[in-house]
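Below is one structure, written out as C-alpha cells; comments come after it.
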Amino acid sequence: MSSSTSSGIYHRNIENENNINQSQLSKSETSPTGAGAPTTEDDDMEPLPSQPSGAHMIVEESTIQTFMQYFDRLLIGLNPRWRNWIIRGIFSWVMILGFAKLVSMGPLVVSIVVLLIQIKCFQEIINIGYVVYKSHNLPWFRTLSWYFLFTSNYWLYGESLINHFGFMMHKHNFLQPLVTYHRMIGFLLYTSGFVGFVLSLKKTYYLKQFTLFGYTHITLMILVTSSHQMIQNICEGMIWFIFPVSLIICNDIMAYMFGFFYGRTPLTKLSPKKTWEGFIGGGVSTLIFGFIVAGILSHYQFLVCPLEYDDERMSLATSCIPIPLFQKTIYTMPKPFSFFKRTLELYPFQLHSLILSLFASSIGPFGGFFASGFKRAFRIKDFAATIPGHGGFMDRFDCQIIMALFTNVYISTFARVASPNKLLQQVLALTPENREEFLRLLRNHFKE
C-alpha cells in the first residue's frame, strides 16, 4: 500500500473518530439521566466540524481537582445549588481580597498582573483551538499563536512605555534605538510570523489553517487591545482602573445574588441561569455602589494622579494637583430638591460615575453573554477550571474587556488634559534646531 493511500485512510479514520465522539457527546447532552449532563445543551445547535469531545477540551489541574473533592466531601449534605453558592462565595471573597492587596502594591505591579492575566486568558482560548490542531496534526499552530501574542504585546506595550517614559530612554544610549525604531522592529517581527504561517500551510488543511489563523488574530484583537487599554487607564490614574473593575465585580456579585434568591424570568438563551431580576437588581445596586465609591476614591491623591516619573526623586510621582474632575464642587440643587437642601458638595467624578455605572450594568454583561455564546458553540461549560466555582480566568474577565475599552474612550473624551511631562518628552525628542524653533514660537506666542 502506498504512503499516500495510508495517509488518506489515516485522516479518514481521524474524521470518523471525531464524528463518533461528537455523536456520543450529543447523546450525553440530551440524555436527562446522563451522569455528566452539562448546562450547555441545545438541540438546535449545529454540529461542530473537526471537533473532538468537548469533555476533553479543558484539562483540570490535579491541585484544583483535589480542592474541589475536599469541598464536595465537606458540603456533601447540602443541595448542589447551595453547595455551588458557598464555594463560589468563598472564592469570590478570596479574589476581592487579592484584588485589594494587588492595588496596595502600586501601579507597576498591577500592570504586570494585568499582562499575566491576559496571557492566561489567551492560553485558555487558544487551548480550545489547539484541540483541532492536535486532531489534524496542523503544524506550528500553537507556536505561531504565542509568537503573534509576543509581537502584539511588544508593539502596544512598547508604544505605552515610549509615550510615558520615553524621555528616560533618550537618556540611555543603549535604549535609544529601541525608541527610534520601535515600530519598524514590531512590524518586522509580525512579518516574520506571517511568513512563517505561509510556509507552514499544509495541503488538504488550508481551510482549517486559515480558520485558526483568523481565530488567533480575533483573540489577539480582543485580549491584547483590552489589556493594553486597561494599562493605559492605569497610567491616567489608578482610579480609572480600580473604579471600573469594582463596578463589574459589584454588578456580577449583585446580579448573581438577586438572581439566586429572586430570579424567575430568564434573560437570554445564551446564558439560561441569568434572569431579569438579577439583571435589574445588579444594575440598581451598581449605580448606588458606584456613586458612593467614586466619592471615597476621589479623596486620595495617589489614586487620582496620573502615572508620571519624577526626575528629581528618581521615582514615580505620588502627588499632584488633581484635575477639576477630582476637586470638590458646590452644585445648586434643582427646584424639586432645593426644598430639602439648596446646595450639594460633590466631586464631579461622582456624576461621571453614574454614566460608568450605567454602562457597567447594562452593556458590561453583554461581554459575558458573548463569552457564553462562544462556550456554547464549542459545547464547553467553562474556559478552564482554574478558580473553583468560577471556571477559568476568561470566565471572570469577560465583562472587564468591554468595560476597559469604554473607560479608555470615556477618559479621552471627557477627562484627559494635557500633561506637562508628556509635552516635555516631545520637546526633548526634537533635534536641537527644532527645539530652538519651538522656543522661538513659544516666546512669540506669549508676547502676543
Shortest non-hydrogen contact between [X] and [Y], atoms and distance:
X      : Y      : answer
Asp395 : Ala384 : OD2-N, 3.9 Å
Ser357 : Leu247 : OG-CD2, 3.4 Å
Phe99  : Ser246 : CE2-OG, 4.0 Å
Leu307 : Pro107 : CD1-CG, 3.7 Å
Pro244 : Phe241 : CD-O, 3.4 Å
Tyr215 : Ile125 : OH-O, 2.6 Å

Could you give the distance from [atom1] ([X]) to [atom2] ([Y]), rounded to the nearest 0.5 Å?
X      : Y      : atom1 : atom2 : answer
Phe291 : Leu356 : CZ    : CG    : 13.5 Å
Ser361 : Asp252 : OG    : CG    : 12.5 Å
Arg396 : Asp382 : CZ    : CG    : 9.0 Å
Phe383 : Lys375 : CZ    : NZ    : 5.5 Å
Trp146 : Thr151 : CH2   : OG1   : 13.0 Å
Leu297 : Phe349 : CG    : CZ    : 7.0 Å

Compute the ring centroids of [X] and [Y], then answer whether they are less than 6.0 Å apart.
X      : Y      : value
Phe148 : His217 : yes
Tyr147 : Trp140 : no
Tyr190 : Phe187 : no
Tyr410 : Phe359 : no
Phe374 : Phe378 : yes

Got a list of side-chain donor-acceptor pairs under 3.5 Å for residues 397-407, not counting sequence neighbours?
from	atom 1	to	atom 2	distance (Å)
Gln400	NE2	Val245	O	3.4
Thr407	OG1	Met403	O	2.8

> Are Tyr154 and His182 close enough, and set up right, to give a side chain to side chain contact (heavy atoms under 4.5 Å, CB included), and what steps lead you there?
Replying inline: CA-CA 9 Å; Tyr154 175 82; His182 168 73; 3.7 Å; yes
> Should we count CH2 of Trp276 as having more than 12 external heavy atoms under 6.0 Å?
Replying inline: no
>> Looking at Tyr181, I'd like to know if its OH atom is crowded, meaning that more than 12 non-hydrogen atoms belonging to other residues, nucleotides or ligands lie closer than 6.0 Å.
In response: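 Count not over threshold, so no.
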With distance as the sole criterion, is a donor-acceptor pair present between the side chains of [X] and [Y] under 3.5 Å?
X      : Y      : value
Tyr157 : Ser227 : yes
Thr265 : Thr275 : no
Ser298 : Gln350 : no
His390 : Ser92  : yes

>> Angle between ring planes, Trp240 versus Phe326, binned at 30° and 60°: parallel, tilted or perpendicular?
In response: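 It falls in the perpendicular class, over 60°.
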List, one per line, each side-chain donor-acceptor pair under 3.5 Å for residues 279-289, sequence neighbours excluded.
from	atom 1	to	atom 2	distance (Å)
Ser285	OG	Gly281	O	2.8
Thr286	OG1	Asn251	OD1	3.2
Thr286	OG1	Gly282	O	2.6

> Would Val304 and Tyr300 satisfy side chain to side chain contact (heavy atoms under 4.5 Å, CB included), going step by step from the backbone distance to the final call?
Replying inline: CA-CA 7 Å; Val304 302; Tyr300 298 99; over 6 Å; no
Just so I know, are the side chains of [X] and [Y] near enough to count as touching, which here means a heavy-atom distance under 4.5 Å?
X      : Y      : result
Leu267 : Glu277 : no
Asn127 : Gln123 : yes
Thr268 : Ser271 : yes
Met105 : Val113 : no
Met95  : Ile249 : no
Arg183 : Glu159 : yes
Ile96  : Ile253 : yes
Ile239 : Ile242 : no

All N/O donor-acceptor pairs, side-chain side in residues 192-201, below 3.5 Å, sequence neighbours left out:
from	atom 1	to	atom 2	distance (Å)
Ser192	OG	Leu188	O	2.9
Ser200	OG	Phe197	O	2.7

> Does the pair His228 and Asn153 meet the rule for a side chain to side chain contact (heavy atoms under 4.5 Å, CB included), with working shown?
Replying inline: CA-CA 8 Å; His228 172 253; Asn153 280 323; over 6 Å; no
>> One pair to check against side chain to side chain donor-acceptor pair (under 3.5 Å): Asn408 and Glu236. What are the steps and the verdict?
In response: CA-CA 9 Å; Asn408 190 265; Glu236 297 295 331; over 6 Å; no
> Is the backbone of Ile222 close enough, under 3.5 Å, to the side chain of Thr225 for a donor and an acceptor to pair up by distance?
Replying inline: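 No, the answer is negative, given that no donor and acceptor are paired below the 3.5 Å cut-off.
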> Lys273 and Tyr256: side chain to side chain contact (heavy atoms under 4.5 Å, CB included), yes or no, with the steps?
Replying inline: CA-CA 9 Å; Lys273 292 183 180 180; Tyr256 178 76; over 6 Å; no
